[in-house]
Amino acid sequence: MITTLLWDVDGTLLDFIAAEKAAIRKLFREYHLGECTDKMLARYSKINRYYWVKLENGEMTKREILVGRFHDFFESEGLDASIAAEFNEKYQDRLGDADSIVYCDDSLNLIKSLQGKVKQYAVSNGTIAAQTKKLKLSGIGELMDGIFLSEQLGYEKPNIEFFNQVFDALGPVDKSEVLIVGDSLTSDIRGGNNAEILTCWYNPNHLSAGPEYRIDYEIEDLHEILKLL
């Protein structure tokens, strides 16, 4: 029986791609950088993913990846890369703007429906600035039994140290009753494997996973969680 859900936030409960597009386009207008096209955003997303994998593998610090992704993106587009650090600071704030919040599969009401039935916690590698704002404005934060952010814990998913601190905070818990739900193989699923808890891969785009991951459940709609409880 599953008694505890660890929810990833970006790409699982909230549509991160939609927020990313809205935030970057808003800042392009603010900095008078011209139009940020879909093709440009696609190139940024590829660079961004490359950097986050570096973070998850412990090859870079969070500061290095947050600024480095924009530095590389601006250079690739022939823009002034010297604004990367300042751009990133503003980007973190814009990610949490109300008009950047889009729910995945009506996640807000799903979480409401599960209150009192299971314990629910947010576990995220997102920055404190971005996640605090978006969890508050989305209404998701107040519905959670707790929120665990990697910047506060000092470790990123998938590191076991991240999950050890989560379990220390939760108190005695049977790991066979804990399920992590997330869209990222490299942080959520690998993290669940490292922590020896159940894993649920949220995979609405029907991607393929390698044999190195233990995936206990795979869903394409968050409401499928209800069948697992």
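Given the structure is predicted, the values throughout are model-derived calculations rather than measurements.
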Residues Glu196, Phe163; criterion side-chain contact (heavy atoms from CB on, under 4.5 Å); working and verdict: CA-CA 10 Å; Glu196 299 181 327; Phe163 292 93; over 6 Å; no

Any link between [X] and [Y] through a network of hydrophobic side chains (Ile, Leu, Val, Met, Phe, Trp, Tyr) touching at under 4.5 Å?
X	Y	value
Met1	Val118	no
Leu79	Leu41	yes
Ile47	Ile65	yes
Val102	Leu13	no
Leu222	Leu143	yes

Donor-acceptor contact below 3.5 Å, side chain [X] vs main chain [Y]:
X	Y	result
Glu77	Phe74	no
Asn194	Pro158	yes
Asp80	Ser82	yes
Tyr103	Ser138	yes
Asn193	Arg214	yes
Asp145	Lys119	no
Thr199	Ile189	no
Asn125	Ser150	no
Glu224	Glu220	yes
Arg49	Lys46	no

Is a donor from one side chain sitting under 3.5 angstrom from an acceptor on the other, for [X] and [Y]?
X	Y	value
Glu20	Ser45	yes
Asp72	Tyr50	no
Glu86	Tyr31	yes
Asp174	Ser176	yes
Glu218	Asn203	yes

Candidate pair Lys62 and Trp52, rule side-chain contact (heavy atoms from CB on, under 4.5 Å), full reasoning: CA-CA 8 Å; Lys62 178 162 282 187; Trp52 277 98; 4.2 Å; yes

Do the charged groups of [X] and [Y] touch, with an N to O distance under 4.0 Å?
X	Y	result
Lys157	Glu56	no
Lys136	Glu142	no
Lys21	Asp15	no
Glu89	Arg63	yes
Lys134	Asp10	yes

So do [Y] and [X] actually touch side chain to side chain, heavy atoms under 4.5 Å?
X	Y	result
Tyr121	Leu5	no
Asp105	Leu110	no
Leu27	Leu33	no
Val166	Leu153	yes
Val178	Leu170	no
Ile147	Val123	no
Thr4	Glu177	no
Phe16	Leu95	yes

Salt bridge (charged side-chain N to carboxylate O under 4.0 Å, His left out) partner of Asp97, chosen from Lys90, Arg25, Lys133: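 For Asp97, the salt bridge (charged side-chain N to carboxylate O under 4.0 Å, His left out) check succeeds only for Lys133.
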
At what distance, to the nearest 0.5 angstrom, does [atom1] of [X] lie from [atom2] of [Y]?
X	Y	atom1	atom2	result
Tyr51	Arg69	OH	CZ	10.5 Å
Tyr91	Lys26	OH	NZ	12.0 Å
Ile111	Trp7	CD1	CH2	6.0 Å
Lys175	Ile197	NZ	CD1	8.0 Å
Asn57	Asn159	CG	CG	9.5 Å
Glu156	Leu149	CD	CG	10.5 Å

Aromatic ring pairing Phe28/Phe73, orientation class (parallel under 30°, perpendicular over 60°, tilted between):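 Aromatic pair Phe28/Phe73 classed tilted.
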
Check against side-chain contact (heavy atoms from CB on, under 4.5 Å), Ile24 and Arg94: CA-CA 8 Å; Ile24 291 178; Arg94 299 297 187 277; over 6 Å; no

Of Ile180, Leu198, Leu179, Asp188, the residue whose pairing with Leu6 passes side chain to side chain contact (heavy atoms under 4.5 Å, CB included):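 Of all the options given, the one that passes is Ile180.
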
Within 6.0 Å of CD in Glu35, more than 12 heavy atoms from elsewhere: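 It does not: Glu35 CD has 12 such atoms or fewer within range.
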
side-chain contact (heavy atoms from CB on, under 4.5 Å) between Leu228 and Cys200, intermediate numbers included: CA-CA 10 Å; Leu228 307 179; Cys200 180; 4.2 Å; yes

Phe148 and Phe162 aromatic centres sub-6.0 Å: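 Centroid distance Phe148-Phe162: not below 6.0 Å, so no.
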
